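All remarks here apply to the structure that follows.
These figures come from a predicted structure and were not determined experimentally. So you know, we letter chains A, B, ... as the sequences are listed, proteins then strands, and number each from 1.
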Amino acid sequence: MKNVHIAGGALHVVGRHYDKNIDDMAAVVLDRALAEAGVDIDALYVASSTTELANKQQLLGVYILESLGLDKLPTFRVENGDNSGAAAIAAAYYAIKSGEHHCVAVVGVDKPHDLLSNQQQDVYSTVLDAYFEKYFGFTPLSYAAMMAKAYMKRYEYRYEDLAMWPILMHDHGVSNPNAYFRKRAKLEDVMNSELVSEPLRLYDVGPLVDGAAAVVLCSRGGGPRILSIATASNTTPFGLRTDYVQLYSTMNAAEVAYKKAGITPRDVATAEVHDSFSIFGVLALEGLGLVERGATLRLLKNGDFPVNYSGGFKARGNVMGATGVYQLLEVTWQLEGRGFKRVDGNYGVIHSMGGVDRISTVIVVGV
Amino acid sequence: MKHESVPIYWRNVPQYYRLVGKRCKKCSKLYYPPVVRCRCGSREFEDVALPHEGKLVEYTVLYQVGTDFLKQKPLIVGLVEVADGVRIPSQIVDVQPEKVTLGMRVEAVFRRVSTDGRHGLVMYGCKFRPVDL
Amino acid sequence: MIGVVSWGAYIPKYRIRTEEVARVWGDDSLRIVDVYLIDEKSVEGLDEDAVTIAVEASRRALKRGGIDPKRIGAVYVGTESKPYAVKPISSVLVEALGMSNNVYAVDMEFACKAASEGLIAAVGLVETGRVEYGMTVGADTSQGEPGEHLEYSASSGGAALVVGREGVVAEMEAVYSYVSDTPDFWRRDGSPYPMHGEGFTGEPAYFRHVINAARGVMENHGYKPSDFTYAVFHQPNGRFPVRAASTLGIPIERVKPGIVVTHIGNTYNASALLGFAKILDVAKPGDRVLLVTFGSGAGSNAFVFKITDLITERQDKTNTVERMLQNKIYIDYARYLKMRKMVKLFE
């Protein structure tokens, strides 16, 4: 089987990029990633969660390539909700593994700030069942809030304990030059922030931001590589879950990903997890087996933990369908000590989730 | 007016108005929302209206809402258990947020859900409200 | 025997006090309460309208009677608060109640009288054998211009009656109608609030029609005022029904039990029917009830019902009117404007 190396990559600083069209923003990072890799690609995979809803554009890959003057290349767009980025990486990974392609680029891009905040809620909520959940006003946030309640009840935590998550994320965001928020948060900042879906407050929500990231994967060359990728869906409707304090799709994907990579959670030196809402970050750590179930918030009180050195969704920002690509580069760079303090170890994990535990992708990266 | 899809609304009217679910003819498992194939493998279903009473098993008071609900916030949204293994995501209405309790008995009520602007369709559906308050 | 088989009532939970409305518009609330005998009125929730109210009232009627909706062959809705100028409420009822598609269905308009006209039509269809059961529903989110006196009464509520031959709890013994072109109250097409003739709504309109219909049913069918255990009238305010009863020689204590306007205001098409539902909640076998509806423009239907032995089986099967009168959440004028959708919004 072919190896899949990370040959190059580039991130766009996240934010509100009112001055850029979505295709051009993606083209800028793709151009830089290709330059760094210094290779010709066989195909382009585009990850975008909401391009037709937010930016009124389909067939995004063609317009990105047009912006760079690259002709004749095959290009495919992957939509998997918030999980789009990791899913596109998976598709590219499989293309190389199969031997069909040697070098493939993945670009993830989303621009929620082409919309008003309420329209962003509409678009973001389309990962829920449009006819039986979103129709009645549910949003991913409302489900996260119910899971937070269940978790706090099950493991006897107070809201102050959950507040540890955004505080840690803000701490980490300070040293990430690409983060949306680069300032520390104090307990009272979190506690005094507005209630958005009780018990969750504004600090529990990762802000939706415009962003684009590109990575070039190759079967040749050396450097860090993707050791395994696994995706698992969870088709149980939210109302019928047997448990609200675990992420089934994450656990199932993680189990396969670790097995394929031949590692255990103990080998993981750093992880970037999907914490669109703080409770999901907590549940992701436990789903990945990095922390014992129910113990995360107690652990965070004792100090730092090697998760989301980027600042996560809370401080780096929620770049929606681009997130998986950001995470892959962040974890790789943390292992290499590039732009981040080098972590002590050889393996990193990224966790990406679509909807509220409807699908998860886990990627193991090794140096 | 947003020109909401009329067919989408129309085809889901039995679920929205009467909570019509699907019951497997072979193993009697109840599905809401409806599915095409039962977990037992059967594809034979009958329509069955779910009970209109149940209990609230979890909820949240939601302040950050989508466009259709901007003028209705906060929304109390939760899960209502109407039968063994059937929990419906629903709005809870006619009650102040501070009076909502877990395990509270609730009954289905027919309500407006959203309107397609001033001139478009008014869309209805079931919500739940406390029986005893 | 043909008559009412079951009844259902629905009153939204929200109330605004007369005092609160008067505070906003600079009226003397003691005088207003004294003139209209309305302490507070019901207000529909933000997510309610005549359609949702009609569904709730009729669902309760079916529940109370244990009636299979597929056996209802006719459904009539009387309202002057249709959310759509064109698109029936009755067809929503067909779907929401799970009725058969082979059903006579129409929305009717004759100001506050339409729902009682539906009752006559439904009884007629049962009588000819065309349908097994028929249903009529009165439901309104009544309009009244803010700051105008109508605002003190215009309120929201609904009532539904199922009629048939089997399981009759109130036999319809007689009915008499009285109609004339009397412009006491109207709402032009496209106009948000009705206009009315103030005092003119009394003598030439309400009293002339109510009294003539009531006298008509008594004279034509041989009843005396003393035959009625209860008398229920359309209730635009608390004074009119009492005065009508007094003119007819019916003692006030027989009218009072059917008065709901004091607590919820005028629910237009549901006004007299909610009063009638409240009586059915407490009536005893053998009681005789006079029901007189009124619609501006103008006309009255006067009905005589005889309560049967089955009544006791149906009472307390679902929410009583009395319980709904007690079960309430008070709102201020600002929330009232929001709930009644009277704040101008971009939509």
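Contacts of C:Leu97 with chain B are made by backbone atoms alone, with heavy-atom separations under 4.5 Å and no side-chain atom involved. In this structure, the portion of C:Glu56 lying under 4.5 Å from any heavy atom of chain B is its side chain and not its backbone. Proximity to chain C is limited to the side chain of B:Val93, based on heavy atoms less than 4.5 angstrom apart. Neither the backbone nor the side chain of C:Val343 comes within less than 4.5 Å of any heavy atom in chain B. Heavy atoms closer than 4.5 Å to chain B are found nowhere in C:Lys328, neither backbone nor side chain.
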>> Working note: C:Arg59 + B:His52, criterion side chain to side chain contact (heavy atoms under 4.5 Å, CB included); need CA distance, chi angles, decisive distance, verdict.
In response: CA-CA 11 Å; C:Arg59 268 187 185 162; B:His52 281 210; 3.9 Å; yes
>> If you apply the rule side chain to side chain contact (heavy atoms under 4.5 Å, CB included), what do you find for C:Tyr84 with C:Ile89, and how did you get there?
In response: CA-CA 9 Å; C:Tyr84 292 91; C:Ile89 296 177; over 6 Å; no
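For the set C:Asp49, C:Asn319, C:Asp47, the count of heavy-atom pairs under 4.5 angstrom toward chain B peaks at C:Asp47.
C:Ser142 places no side-chain N or O within donor-acceptor distance of the main-chain N or O of C:Ser156, the cut-off being under 3.5 Å.
Exactly one of B:Lys55, B:Lys127, B:Arg129 qualifies for a salt bridge (Lys or Arg N to Asp or Glu O under 4.0 Å) with B:Glu107. That residue is B:Arg129.
Residue-environment remark: CD (C:Glu19) stays at or below the threshold of 12 foreign heavy atoms within 6.0 Å.
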